[in-house]
Amino acid sequence: MGKLGAIEVANTSVEVVPTVKIETPKPTVPENTIEKPKPIIPPLSTEPKVSAFSLASIKQKKELAEAQKLVVKETIQYPTEPFTETDMLLQWNKFAQKLEERGQMIMQSLMLINDPKLEGTKITHELPNEGTKIEFERTKNEVLGYLRGMLHNHDIEIELVVNEKMENKRAFTPQDKFNRMKEINPNLEVLRKMFDLDV
């Protein structure tokens with residue numbers, strides 16, 4: 001019995017059932033919907049690069065200059081008040097006095113060597129030779145700036161003329177200086193008498 005039972009067990013076939021792996025289907029996504037990283041492309045310049053030495057660069061510079069001209073700049077209005085020759089001579093001599101106080105005796109004497117003449121806003125000053133004209137030119141802008149400021153007129157110009165035959169009217173003494181000032185402004189004599197001033 002025992003042997004038979006063993007055989008029966010041995011002859012018994014064991015049925016092996018294969019295990020089937022069930023996979024869940026993956027959702028299918030169309031390829032065109034998958035987001036891929038986009039490459040960063042720098043913006044392209046609308047203008048082509050131009051060599052600095054080409055005709056096109058010259059044209060561009062001209063166009064830029066024209067565009068800058070179109071920009072409206074604020075215009076400064078400088079004063080242009082009217083003045084007389086007497087006003088001008090008074091300020092002319094005041095500036096000459098300032099030069100004397102600063103020790104610039106040569107320039108002071110060049111200013112007083114002759115009376116400047118006024119035509120509109122142009123001051124004409126005669127000098128005896130080319131050397132004195134060159135010397136005056138060094139301080140001309142300073143004189144011009146002073147006169148424009150004191151007379152409130154920025155249209156004033158100074159013209160220097162060489163006249164070798166001119167008469168020297170330079171004042172040497174305080175009395176000479178007063179007499180020259182009195183020629184320019186006769187009211188000085190009235191003031192001198194009124195306040196009993198010494199020259």
Side-chain angles (χ1 to χ4, degrees), residues 58 61-199:
I58 295 170
K61 286 178 185 176
K62 283 184 181 178
E63 288 172 357
L64 180 62
E66 289 296 322
Q68 287 174 344
K69 284 180 186 176
L70 295 176
V71 176
V72 178
K73 293 183 180 177
E74 184 182 344
T75 55
I76 300 168
Q77 293 293 328
Y78 291 107
T80 55
E81 293 179 15
F83 61 95
T84 64
E85 188 170 70
T86 304
D87 297 333
M88 180 271 294
L89 288 170
L90 192 62
Q91 295 303 329
W92 184 275
N93 286 293
K94 278 185 182 180
F95 190 78
Q97 185 65 36
K98 288 180 182 289
L99 290 172
E100 183 182 23
E101 290 167 7
R102 290 183 345 206
Q104 293 179 298
M105 306 305 285
I106 295 172
M107 185 58 193
Q108 185 241 0
S109 66
L110 291 177
M111 287 192 72
L112 298 177
I113 203 166
N114 201 5
D115 284 340
K117 303 294 179 201
L118 182 67
E119 295 172 22
T121 56
K122 185 175 78 172
I123 299 168
T124 305
H125 187 53
E126 290 186 349
L127 294 165
N129 54 52
E130 199 64 38
T132 55
K133 182 181 177 183
I134 292 167
E135 187 67 33
F136 197 103
E137 287 281 357
R138 293 179 186 164
T139 317
K140 178 181 170 181
N141 287 337
E142 192 179 347
V143 177
L144 193 56
Y146 177 83
L147 292 174
R148 285 177 174 175
M150 297 306 290
L151 297 171
H152 306 289
N153 193 315
H154 280 67
D155 291 340
I156 297 172
E157 294 295 331
I158 297 175
E159 181 184 13
L160 300 176
V161 178
V162 174
N163 180 3
E164 295 178 2
K165 296 178 182 178
M166 64 178 279
E167 181 185 348
N168 189 343
K169 294 185 178 179
R170 182 178 172 186
F172 293 97
T173 65
Q175 183 64 49
D176 291 337
K177 289 179 183 178
F178 179 76
N179 291 339
R180 292 285 296 118
M181 293 293 286
K182 192 169 69 171
E183 286 176 22
I184 295 166
N185 191 349
N187 293 330
L188 290 177
E189 183 63 29
V190 176
L191 289 172
R192 189 186 70 79
K193 289 178 180 176
M194 185 184 295
F195 295 106
D196 194 28
L197 298 172
D198 292 328
V199 178

*Search all heavy atoms of Thr124 against all heavy atoms of Glu119 and return the closest pair with its distance.*
OG1-OE2, 4.4 Å

*Evaluate the criterion side-chain contact (heavy atoms from CB on, under 4.5 Å) for residue pair Thr86 and Leu89; output intermediate values, then yes/no.*
CA-CA 5 Å; Thr86 304; Leu89 288 170; 5.8 Å; no

*Euclidean distance, Leu112 CG relative to Glu100 CD, rounded to 0.5 Å*: 8.5 Å

_Ring geometry between Tyr146 and Phe95 (parallel below 30°, tilted from 30 to 60°, perpendicular above 60°)_ = tilted

*Applying side-chain hydrogen bond (donor to acceptor under 3.5 Å, both in side chains) between Arg148 and each of Gln91, Glu157, His154, report the one that passes.*
Glu157

_Approximate separation, where rounding is to 0.5 Å, of Ile123 CD1 and Asp115 CG_ = 12.0 Å

*Are Arg192 and Glu189 close enough for a salt bridge, meaning some N to O gap below 4.0 Å?*
yes

*Rounded to the nearest 0.5 Å, how far apart are CD of Gln97 and CE of Met111?*
11.5 Å

*asked:* How close do Thr121 and Asp155 get, counting heavy atoms only, and between which atoms?
replied: OG1-O, 3.3 Å

_Nearest 0.5 Å, please: how far is NZ in Lys133 from CG in Leu110?_
13.5 Å

*Determine, for Arg102 against Glu142, whether the closest basic-nitrogen to carboxylate-oxygen distance falls under 4.0 angstrom.*
yes

_Check: Glu81 main-chain N/O paired with Asn153 side-chain donor or acceptor under 3.5 Å_ = yes

*How many angstroms lie between OG1 in Thr132 and CG in Asn114, if you round to the nearest 0.5 Å?*
11.0 Å

_Which label fits Trp92 and Phe136: parallel for a plane angle under 30°, tilted from 30 to 60°, or perpendicular past 60°?_
parallel

*Could you tell me whether the side chain of His125 reaches within less than 4.5 Å of the side chain of Glu159, counting heavy atoms only?*
no

*asked:* Give me the atom names and distance for the closest heavy-atom approach of Met107 to Thr139.
replied: CE-CB, 3.7 Å

*Under 3.5 Å, is there a donor-acceptor pair between the side chain of Lys140 and the main chain of Ile158?*
yes

*asked:* Nearest 0.5 Å, please: how far is CG in Leu160 from CD1 in Ile134?
replied: 11.0 Å

*Of all heavy-atom pairs between Gly120 and Phe83, which one has the smallest distance, and what is that distance?*
O-CZ, 4.3 Å

*State, to 0.1 Å, how close Gln108 and Ala96 come at their nearest heavy-atom pair, and which atoms those are.*
CG-O, 3.0 Å

*Are Leu127 and Val161 close enough that some pair of their side-chain heavy atoms sits under 4.5 Å apart?*
no

*Any sub-3.5 Å donor-acceptor pair from Asp196's side-chain atoms to Lys193's backbone N or O?*
no

*Which heavy atom of Glu126 sits nearest a heavy atom of Ile113, and at what distance?*
O-CG2, 4.0 Å

